Amino acid sequence: MADNDTAQEKTLEPSAKRLEDARREGQVPRSRYLAHLLMLGTATGVLVLSSGPLMDSGRRVIVRGLSFDAVTLTDPAQMIVRLAELTNTALLALAPLLVLLVIAAFAAPMLIGGFNYSSSALAPKLDRISLFKGFGRMFSLQALAELVKVMLASVLLAVVGAWYVYAHLDEFASLSHQALSAGLPHFGWMFATAFSLLVATLALTSAIDVPFQLWQHHSQLKMSLQEVKTEQKETEGDPHIKGQIRQQQREMARRRMMAAVPKADVVVTNPTHFAVALKYMEGRHRAPVVVAKGVDAVAEKIKELAREAGVPQLEAPPLARALHKHVELGQEIPAALYTAVAQVLAYVFQLRSFAAGQAPHPTKPRDIDVPDGLDPLAPRAVA
């Protein structure tokens, strides 16, 4: 029971695959307070840097809006023309601010988590419309934490805003007594100051929320031991199934190898342990190729198939051991064994001539030597 509980505890770091899967599903860290900070900060920066042109445009709109002549007063259609004119003037003045706010709205989510588009996050899911799961999410610990953060941020912003208004009540009241040319810059300065305080407040909340969002995202993606094992099986395959596949592959390779024995030119053997089948096709191979090899039971099967197919067999223990050791299936023999194998093939060709009645029965070559170091059972020379 304890082992099962340990396997289910999510204490292991998320794997690269889990992080990638989460990102594909749209699960990336986001901070709404950071987005609010960037939006409000952009607006405040634009207002401060372009306060002069904005104030001039605002003054023109107000002056134009409060100026009436006899034609405007007697013709209602002129009011619509006047409204359209003032609207265009205001939009042109605010166009840089609106453009920068749109850019900030798209850039804010990329500050943490980066750009991420996930079609799976947009796909409809039944658990999103489930009442029971909906209530579960509403009253979950995560929802409670989000509610507490929103309340604290709202209270903090309200306190800062109320404090600023209360501290500058006299200034706000004095605006009504100032001329337009002096009142607008004064109001703009107070407005920018208030926004700067709100930006500083949001910067404080963002400094707390961003690390929390990163930690929470990382914690949610942590894995249990069982999840790690399951992922390894999915990515690398079940070891039991992989073993069965390898066994089947070996069996298929063995059958192909055995099917090549009846087509071999000769089988070189060590009488009791080794058997190597060679095939040489002039014009296709530069040297003879090992088409089958084996030891013990496999060697006996090779020799049995060779006898049934009438393939000549020649006992040459050092050569058989050297071929088995140094040449893989389908490979040509190395140049170091050319001389030894040439003696074997010469005997095979002489046998074919004898079978055709063109030559006497050849004598089997004996004591076929291989170069030093190629026979794995040969005694090593002592310096």
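Keep in mind that what you see is a predicted model, and the values were worked out from it rather than measured.
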Side-chain heavy atoms nearer than 4.5 Å, only ILVMFWY residues, links allowed to pass through others: does that put [X] and [Y] together?
{"X": "Leu329", "Y": "Ile302", "result": "yes"}
{"X": "Leu197", "Y": "Leu156", "result": "no"}
{"X": "Trp215", "Y": "Met223", "result": "no"}
{"X": "Leu204", "Y": "Met39", "result": "no"}

Taking [atom1] in [X] as the centre, count heavy atoms belonging to other residues, nucleotides or ligands within less than 6.0 Å. Is the count above 12?
{"X": "Arg18", "atom1": "CZ", "answer": "yes"}
{"X": "Asp170", "atom1": "CG", "answer": "no"}
{"X": "Lys279", "atom1": "NZ", "answer": "yes"}

Under 3.5 Å, is there a donor on one side chain and an acceptor on the other for Arg250 and Gln247?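 Side chains of Arg250 and Gln247: pair found under 3.5 Å.
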
Can you pull the salt bridge (Lys or Arg N to Asp or Glu O under 4.0 Å) pairs that have at least one residue in residues 186-200, sequence neighbours excluded?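 Residue pairs with at least one partner in residues 186-200: there are none.
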
According to salt bridge (Lys or Arg N to Asp or Glu O under 4.0 Å), does anything in residues 303-316 pair up with another residue at least two apart or in another chain? List the pairs.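 Salt bridge (Lys or Arg N to Asp or Glu O under 4.0 Å) check on residues 303-316 returns Glu300-Lys303.
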
Report the C-alpha separation of His273 and Asp296 in whole Å, then their side-chain angles, then the decisive distance to 0.1 Å, and conclude whether the side-chain contact (heavy atoms from CB on, under 4.5 Å) test is met. CA-CA 5 Å; His273 296 292; Asp296 298 332; 3.0 Å; yes

Passes side-chain contact (heavy atoms from CB on, under 4.5 Å), Leu98 versus Leu100? Steps please. CA-CA 6 Å; Leu98 297 177; Leu100 290 175; over 6 Å; no

Which pairs count as ring pair (Phe, Tyr, Trp, His ring centres under 6.0 Å) when at least one residue sits in residues 307-332, sequence neighbours excluded?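 Checked against ring pair (Phe, Tyr, Trp, His ring centres under 6.0 Å) - neighbours excluded - the pairs reaching residues 307-332 are Phe274-His324.
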
Minimum heavy-atom distance between [X] and [Y], given as atom pair plus value:
{"X": "Val290", "Y": "Glu328", "result": "CB-O, 4.0 Å"}
{"X": "Ile333", "Y": "Val327", "result": "CA-CG2, 4.3 Å"}
{"X": "Ala264", "Y": "Val291", "result": "CB-CG2, 4.1 Å"}
{"X": "Pro211", "Y": "Ile208", "result": "CD-O, 3.5 Å"}
{"X": "Leu374", "Y": "Leu337", "result": "CD1-CD2, 3.5 Å"}
{"X": "Ser196", "Y": "Thr44", "result": "OG-CG2, 3.6 Å"}

Residues which pass side chain to side chain contact (heavy atoms under 4.5 Å, CB included) with Asp209, listed by chain and number, not counting sequence neighbours: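 Testing Asp209 for side chain to side chain contact (heavy atoms under 4.5 Å, CB included), a comparison that skips the adjacent residues, returns Ser31, Tyr33, Lys149, Phe212, Gln213.
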
With sequence neighbours excluded, residues passing salt bridge (Lys or Arg N to Asp or Glu O under 4.0 Å) with Arg284: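 With neighbours one apart ignored, the set is empty.
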
Donor-acceptor pairs under 3.5 Å, side chain of residues 342-360 to any protein atom, not counting sequence neighbours: which ones?
unit_1	atom_1	unit_2	atom_2	d
Arg352	NH2	Asp265	OD1	2.9
Ser353	OG	Phe349	O	3.2

Could you walk me through whether Leu157 and Leu202 pass side-chain contact (heavy atoms from CB on, under 4.5 Å), step by step? CA-CA 8 Å; Leu157 290 171; Leu202 281 175; 4.2 Å; yes

Do Met252 and Arg255 come within less than 4.5 Å of each other through their side chains, counting heavy atoms only?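 Contact flag for Met252/Arg255 side chains = yes.
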
Is any side-chain heavy atom of Leu319 less than 4.5 Å from a side-chain heavy atom of Leu314?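 No - every pair of side-chain heavy atoms lies 4.5 Å or more apart.
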
So Val276 and Val267, side-chain contact (heavy atoms from CB on, under 4.5 Å) or not? Walk me through it. CA-CA 5 Å; Val276 179; Val267 174; over 6 Å; no

